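Structure first, commentary second.
Here the structure is a predicted model, which means the values were calculated and not measured.
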Amino acid sequence: MAREVGVTPAALYRYFDNLDALLIATCCDLYDELIAETRKAMDASPPDAHLERMKSWIWAFRAWAVGNRREFELMISYPEANSAMSINGVRLEQSPENVDPVTLKSLEHSQLCGREMAAFYRKTENGELPPAGPVEMPEISEGLQSELMDKCSAFIVGEPLPLSWIFTFTSAWVRVFGLVVMEAFGSLPVQDNVDEFYKTQILAMIREFGIDG
């Protein structure tokens, strides 16, 4: 990294207090790059084309992660043991200043997609779009219901939605993230028809919302 900016490794610490500070700044810069690429892809579709914008989010995320594997590895592994998946949604809303900046960047990225889904839901509710659904989900415990509504709605979607939509969107988000991670690190079982596999997965996820996408 020091060589890339034309300074010695020791000189970097004139600008950063320690290695952790340097890594955090690097991860935030990488997230900014990913977010910018994602926004650019999403903005190729009109603001009200929520499904197309969500699809663009997936393709942009995939392309960037696969094309920047080492950078992506750093982003999802640092800060160690403190990521978007470990954030308490209530704490996030009440004191975001206590959440590390890398996690906040990861939340910003995920919510680019989540808020599109929220906007789509609101338009189906007020009649601007044909109603979707019914969104079906298995019977789940009160504990899982609470975790989905208090945590996942805050860090993935970015705003409250009905439980069935939060459950379905969280399930889809986990599936997309898993696909991207597995492909980026060469573990995806499908090797020869990867694009088609993604397309079928996206279609299946959309249909889980009762949407013919």
Taking all non-hydrogen atoms of both residues, which atom of Met149 and which atom of Leu163 are closest, and how far apart?
SD-CA, 3.6 Å
What residues form a salt bridge (charged side-chain N to carboxylate O under 4.0 Å, His left out) with Glu183, not counting sequence neighbours?
Arg62
Which residues satisfy the salt bridge (charged side-chain N to carboxylate O under 4.0 Å, His left out) test with Asp48, sequence neighbours excluded?
none
Nearest-0.5 Å distance, CD1 of residue Ile58 to CZ of residue Arg175:
10.0 Å
Non-hydrogen side-chain atoms of Met205 and Ile202 separated by less than 4.5 Å
yes
Min side-chain heavy-atom separation Cys27-Leu74 under 4.5 Å:
yes
Just wondering, do Phe167 and Pro138 contact through their side chains at under 4.5 Å, heavy atoms?
yes
Tell me which donor-acceptor pairs under 3.5 Å the side chains of residues 32-47 have, and how far apart each pair is, sequence neighbours excluded?
| unit_1 | atom_1 | unit_2 | atom_2 | d |
| --- | --- | --- | --- | --- |
| Asp32 | OD1 | Lys105 | NZ | 2.6 |
| Glu33 | OE2 | Trp64 | NE1 | 3.0 |
| Thr38 | OG1 | Leu34 | O | 2.7 |
| Asp43 | OD1 | Arg53 | NH1 | 3.3 |
| Asp43 | OD1 | Arg53 | NH2 | 3.1 |

Electrostatic pair Arg115-Glu108, nearest N-O below 4.0 angstrom
no
May I ask whether Met182 and Val66 are part of the same hydrophobic cluster, defined by side-chain heavy atoms of I, L, V, M, F, W, Y residues being less than 4.5 angstrom apart, directly or through others?
no
Is there a side-chain contact between Ser153 and Leu161, using heavy atoms and a 4.5 Å cut-off?
no
Hits for ring-ring contact (aromatic ring centres under 6.0 Å, His included) against Trp165, two or more places apart or cross-chain, chain-then-number order -> Tyr121, Phe209
In sequence, state the C-alpha distance, the side-chain angles, and the governing distance for Arg122 and His50, and then conclude on side-chain contact (heavy atoms from CB on, under 4.5 Å).
CA-CA 11 Å; Arg122 289 194 299 270; His50 303 300; over 6 Å; no
Apply side-chain contact (heavy atoms from CB on, under 4.5 Å) to the pair Leu179 and Gln201, showing each step before the final yes or no.
CA-CA 9 Å; Leu179 282 168; Gln201 292 299 308; 4.0 Å; yes
Partners of Phe72 by ring-ring contact (aromatic ring centres under 6.0 Å, His included), sequence neighbours excluded?
Phe61
Any chance you could lay out the side-chain contact (heavy atoms from CB on, under 4.5 Å) test for Met137 and Glu208, step after step, and finish with the verdict?
CA-CA 9 Å; Met137 58 179 290; Glu208 288 177 6; over 6 Å; no
Does the Gln111 side chain pair with the main chain of Glu116, one donor and one acceptor, at a distance under 3.5 Å?
no
Qualifying salt bridge (charged side-chain N to carboxylate O under 4.0 Å, His left out) pairs, either residue in residues 129-148, two or more places apart:
Glu147-Lys151
Run the salt bridge (charged side-chain N to carboxylate O under 4.0 Å, His left out) test against Glu73 and tell me which residues pass, sequence neighbours left out.
Arg69
According to side-chain hydrogen bond (donor to acceptor under 3.5 Å, both in side chains), who are the partners of Asp192, at least two apart in sequence or on a separate chain?
none
Which heavy atom in His109 sits nearest to a heavy atom in Trp57, and how many Å separate them?
O-NE1, 2.9 Å
Any side-chain heavy atom of Ile140 within less than 4.5 Å of one from Leu148?
yes
Nearest-0.5 Å distance, CD1 of residue Ile24 to OG1 of residue Thr103:
9.0 Å
Heavy-atom side-chain proximity of Pro130 to Thr124 below 4.5 angstrom
no
Polar side-chain atom of Thr200 near backbone of Phe197 as donor-acceptor pair, under 3.5 Å:
yes
Tell me, please, which residues at least two apart from Tyr198 pass ring-ring contact (aromatic ring centres under 6.0 Å, His included).
Trp59
Can you sort out the partners of Phe169 under ring-ring contact (aromatic ring centres under 6.0 Å, His included), two or more places apart, ordered by chain and number?
none
side-chain contact (heavy atoms from CB on, under 4.5 Å) evaluation trace for Trp173 with Cys113:
CA-CA 9 Å; Trp173 187 87; Cys113 189; 5.7 Å; no
Under the side chain to side chain contact (heavy atoms under 4.5 Å, CB included) test, residues paired with Pro131 that sit two or more places apart
none
Contacts of type side-chain hydrogen bond (donor to acceptor under 3.5 Å, both in side chains), residue Lys199, not counting sequence neighbours:
none
